[in-house]
Every structure is written in structure tokens, then in C-alpha cells.
Chemist: 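Pasting a structure here, questions to come.
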Amino acid sequence: MRIIVVLLVALLALSGPVSAQAPILQPSADLTPEDVISIQLKALSEAENDPETDSGVARVWAFAHPANRVVTGPLARFKRMLQSAQYRALIGHRSHRMRQVSLSDDKAHFAIKVTSSDGDVFGYSWHLGKVDAGSYKGMWMTTGVALVGKLGRSL
């Protein structure tokens with residue numbers, strides 16, 4: 001039986017990804033501001049499912065602008081920040097909607113509505129900037145996220 005399991009695992013590893021499209025885990029110049037926010041929100045909605053590996057939190061961190069990382073990092077500090085009252089609704093949230101507020105060549109602002117895991121609805125202001133130097137040059141990354149407030153309860 002053990003040999004069959006080992007062979008199955010090896011076969012799956014050799015066959016490549018199970019899904020047709022592997023998840024994007026790193027910033028890319030090909031991603032739009034909407035893509036970056038969608039990736040981060042998906043990671044946050046799934047973050048509670050992986051508390052041991054923190055891969056969701058690490059994915060959010062991967063898309064944090066270098067200037068933002070100086071203020072919010074390192075990763076362990078960023079994780080603690082996400083557990084604070086201001087950001088807790090994002091972890092394991094049920095759903096989200098995004099609306100573009102403004103977009104220029106190097107800055108983007110979106111209004112995000114999140115329904116938390118317990119049904120409360122919160123508004124967030126999500127800001128992105130295009131990195132102008134270094135290894136992330138030309139990539140959209142999150143410069144800041146602020147809680148606007150609790151908007152009520154979902155139906």
C-alpha cells in the first residue's frame with residue numbers, strides 16, 4: 001500500500017499542476033492594479049485556511065510595495081498587523097467587491113467592500129503604486145490599505 005501511495009505522489013508531481021492555471025504568487029509587470037488587489041484579497045480570504053504555513057499572508061506580503069514593507073515589515077510584524085482590529089475582517093472574509101476610484105500612470109486607488117466571516121460589511125481604501133526602481137521596477141504593488149469603517153451587516 002505504501003508503495004502505491006509513493007508512486008501516486010511521484011506521478012502527480014511529474015504530471016505538473018493540477019489546475020490549468022497555477023496561482024500567481026509574485027509581482028509581475030504584466031499585472032494590473034485590479035489583478036494585484038484580486039490576488040491579495042483572494043489570499044486574505046483563504047488565509048485562515050492555512051494558519052500553519054501562512055502562505056496567504058506571505059502572498060499578500062509579496063505584493064506590498066517596498067516603501068510599504070519598510071513601515072509594515074518584516075513578515076512576522078505584518079502578520080500581527082493583519083490580526084489587529086483594523087484588518088481582522090479581511091482574514092477569511094466571505095466576499096469582496098472592488099471599485100476603481102482613481103487611476104494614473106503610477107498610482108491607483110480602489111474602494112473595497114468586504115463581507116467578513118461573521119457577516120459584517122467593512123469598507124477599505126486600497127492604494128497602489130507602480131515601483132520606479134529596483135527589482136520590482138514597473139510593477140504595481142500595494143502602498144497602503146486603510147479601514148474606512150463598518151458599513152453594516154450582510155443579508
Chemist: What is the distance from atom NE2 of His65 to atom CE of Met139, rounded to the nearest 0.5 Å?
Modeler: 11.5 Å
Chemist: Going through the distances and angles, do His93 and Glu46 end up as a side chain to side chain contact (heavy atoms under 4.5 Å, CB included)?
Modeler: CA-CA 8 Å; His93 69 271; Glu46 296 171 351; over 6 Å; no
Chemist: If I take atom CG from residue Leu82 and atom CZ from residue Arg77, how far apart are they, to the nearest 0.5 angstrom?
Modeler: 12.0 Å
Chemist: Determine whether Val145 and Tyr87 satisfy the following criterion, side chain to side chain contact (heavy atoms under 4.5 Å, CB included), listing intermediate values before the conclusion.
Modeler: CA-CA 9 Å; Val145 175; Tyr87 300 106; 4.0 Å; yes
Chemist: Sorted by first residue and then second, give each ring pair (Phe, Tyr, Trp, His ring centres under 6.0 Å) pair with at least one member in residues 111-145; sequence neighbours left out.
Modeler: His109-His127
Chemist: Which pairs count as salt bridge (charged side-chain N to carboxylate O under 4.0 Å, His left out) when at least one residue sits in residues 119-140, sequence neighbours excluded?
Modeler: Asp120-Lys150, Asp120-Arg153
Chemist: Distance alone, cut at 3.5 Å: any donor-acceptor contact between the side chains of Asp35 and Thr32?
Modeler: yes
Chemist: Which value, rounded to the nearest 0.5 Å, describes the distance between Ile39 atom CD1 and Glu34 atom CD?
Modeler: 11.5 Å
Chemist: Could you go step by step and tell me if Ser102 and Lys107 meet the side chain to side chain contact (heavy atoms under 4.5 Å, CB included) rule?
Modeler: CA-CA 8 Å; Ser102 64; Lys107 291 186 171 116; over 6 Å; no
Chemist: Check the hydrophobic clustering (I, L, V, M, F, W, Y; side-chain heavy atoms under 4.5 Å; chains of links allowed) and say if Val57 and Leu44 are grouped together.
Modeler: yes
Chemist: Any idea which heavy atoms bring Met81 and Thr72 closest together, and the distance?
Modeler: SD-CG2, 3.8 Å
Chemist: Minimum heavy-atom separation for Ala62 and Pro27, please, with both atom names.
Modeler: O-CG, 3.1 Å
Chemist: Considering residues at least two apart in sequence or located in another chain, which fulfil the side chain to side chain contact (heavy atoms under 4.5 Å, CB included) criterion with Lys113?
Modeler: Arg97, Val121, Leu151
Chemist: Say whether, by atom type as modelled, one donor and one acceptor occur between the side chain of Gln100 and the main chain of Phe110 under 3.5 angstrom.
Modeler: no
Chemist: Going hydrophobic residue to hydrophobic residue with side-chain gaps under 4.5 angstrom, can you get from Val131 over to Val36?
Modeler: no
Chemist: Using a 3.5 Å distance criterion without hydrogens, assess whether the side chain of Arg94 forms a donor-acceptor pair with backbone atoms of Ser117.
Modeler: yes
Chemist: Spell out, as yes or no, whether a donor-acceptor pair under 3.5 Å connects the side chain of Ser28 to the backbone of Asp30.
Modeler: yes
Chemist: Are Leu75 and Ile91 linked, directly or through intermediate hydrophobic residues, by side-chain heavy-atom contacts shorter than 4.5 Å (ILVMFWY only)?
Modeler: yes
Chemist: With side chains defined as the heavy atoms from C-beta onward, is the minimum distance between Arg59 and Gln40 less than 4.5 Å?
Modeler: no
Chemist: Answer yes if Phe78 and Leu128 sit in the same cluster of Ile, Leu, Val, Met, Phe, Trp and Tyr residues linked by side chain heavy atoms under 4.5 Å apart, and no otherwise.
Modeler: yes
Chemist: Quick check for you: to the nearest 0.5 Å, what is the distance between Met98 atom CE and Ile37 atom CD1?
Modeler: 5.5 Å
